[in-house]
2 protein chains.
Amino acid sequence: MKELSTEEKIVQAAKEVFTQKGYAAARTDEIAVRAGVNKGLLQYYFKGKSKEKLFKAIFEEAFLKMVTRINVIFESEDTVEHKIELALDAYFDLLLENPNLPGFIVNELHTNTHAFVEEIMQKTNRPNPMPLLMQIMEEAAQGKIRPINPVHLILNVLSMTVFPFIARPLFQRMINVNDETFMDMMRQRKAEILDFVKHAIKP
Amino acid sequence: MKELSTEEKIVQAAKEVFTQKGYAAARTDEIAVRAGVNKGLLQYYFKGKSKEKLFKAIFEEAFLKMVTRINVIFESEDTVEHKIELALDAYFDLLLENPNLPGFIVNELHTNTHAFVEEIMQKTNRPNPMPLLMQIMEEAAQGKIRPINPVHLILNVLSMTVFPFIARPLFQRMINVNDETFMDMMRQRKAEILDFVKHAIKP
DNA sequence: GTCTATAGGTAGATAGAC
DNA sequence: GTCTATCTACCTATAGAC
């Protein structure tokens, strides 16, 4: 356990509270309590609109984490199948370590009341999916993979990877498993998806 | 356009506000304004904790809509492949008419601060997935479909169906399409998923 | 840098006039 | 049934003591 500075403790606590409750339900009081510091210190470290400033910092970091991973899919030089494998590797690493990251992001984008969510999205250089779409169509034309709508293929892979983490509260209740078992299933899942997709795109 | 009673107007407005903003960010003021009625009437029709009571009614209806559809997958007498087709039919019908239903539910379950979310989930008789899981394994043993982990198969179908609607704000920006185009893509998608899954489970 | 006290604003609930 | 006015609670922000 490292020694955290007061500021770091606040940021850490804010990350917990915001990702669990969302911006609207988050309380700065709770952030202070969890950080083990006084309310007033939030103002000292994040002068003026401290709640908003803290949120911006945390949402931006989370958003970048999720989106920059997508670049892995798009930018490597490789076959479609191997690109998918690389993407699954990268994403499962991220998600297994931060299981409620996608829920947080999707939630804030869904309930987006705040202009700054828009700001952050524009700041991030979003990846360009076109080259990958072209590649998928080319490989299909060459008979390397089955002809398939490239947008839906990408969306399928992303869906199968991310959705279980978002629907986790519902899913766990449905099949009645605890947190540990859920994480075990997710660790297994990377291989399952790869296998599933390989068969689905086989010519 | 039917004539709605005052109470119906309130419920309708509440449905809009809650599903768009989520419970925490929703404002009873806005519900009253959208319903075109006075704030005080919320108390008249939903005495005591009107915000909470309204939310309960709306969340429960939404939750039932989503979950009872899952029963379609589980309870019919049919082949696995045809069950999947039926499920896709049922779900896409629902989602194309209520595109932000899953976002709303997942959001409230994720940020769940309220005990009543728990209540509602227990009230609904959740479907039992066991028979379907068994059937998938049987068909695999008989060589009708490829051997596959049944839980992940179900999760794959559900993921590909529901995820795009949840990630819609992000997805639309990523590929830069308007609402109309998005809905068109989703209408196409049902056939895409069915095709994808058929190839993936082919022996 | 840290804490206490309090101000200022907002949202939900309530009482009572019409 | 509908509306106005007000109350109360809560939350963020601020000022100032230590």
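Being a predicted model, the structure only gives us computed values, none of them experimental. Just so it is clear: chains get the letters A, B, ... in the order the sequence lines come, proteins before strands, and each one is counted from 1. As a basis for the values below, the full set of heavy atoms in this structure was taken, side chains included, without hydrogen atoms, waters or symmetry mates.
Between A:F46 atom CZ and C:dG1 atom C1' the separation is 15 Å, expressed in whole Å. Taking atom CD1 of A:I10 as the reference point, atom C1' of C:dT2 lies 11 Å away to the nearest angstrom. Following rounding to the nearest Å, A:E7 (CD) and C:dG1 (P) show an atom-to-atom distance of 9 Å. Taking atom CG of A:L42 as the reference point, atom P of C:dG1 lies 15 Å away to the nearest angstrom. The distance between atom CG of A:L41 and atom P of D:dC18, rounded to the nearest whole Å, is 18 Å.
B:Y45 comes within 4.0 angstrom of sugar-phosphate atoms only, judged by non-hydrogen atoms across all strands, and of no base.
Contact annotation: B:T6 side-chain N/O to D:dG1 OP1/OP2 distance is not under 4.0 Å.
The shortest distance between side-chain heavy atoms of B:L132 and B:P150 does not fall below 4.5 Å.
Nearer to the 5' terminus of DNA chain C, by closest-nucleotide assignment, is the contact made by A:Y44 (compared with the other of A:N38 and A:Y44).
Side-chain contact, A:D184 with A:T181: no donor N or O sits under 3.5 Å from an acceptor N or O. Between the side chains of B:Q172 and B:N178, no donor-acceptor pair of N or O atoms lies under 3.5 Å.
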Give the table of side-chain donor-acceptor pairs shorter than 3.5 Å for residues 190-197 of chain B, with sequence neighbours excluded, one pair per line with atom names and distance.
unit_1: B:K190; atom_1: NZ; unit_2: B:D89; atom_2: OD1; d: 2.9
unit_1: B:D195; atom_1: OD2; unit_2: A:R146; atom_2: NH1; d: 3.0

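The backbone N or O of B:T79 sits nowhere less than 3.5 Å from a side-chain atom of B:E139 that would complete a donor-acceptor pair.
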N/O to N/O distances under 3.5 Å, protein versus nucleotides 11-14 of chain C:
unit_1: C:dG12; atom_1: OP1; unit_2: B:A26; atom_2: O; d: 3.4
unit_1: C:dG12; atom_1: OP1; unit_2: B:K51; atom_2: NZ; d: 3.2
unit_1: C:dG12; atom_1: OP2; unit_2: B:T28; atom_2: N; d: 2.9
unit_1: C:dG12; atom_1: OP2; unit_2: B:T28; atom_2: OG1; d: 2.7
unit_1: C:dA13; atom_1: OP2; unit_2: B:Q43; atom_2: NE2; d: 3.2
unit_1: C:dA13; atom_1: OP2; unit_2: B:S50; atom_2: OG; d: 2.9

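Between A:F18 and A:F55, the ring planes lie perpendicular to each other; the angle is over 60°, past the 30° to 60° tilted range.
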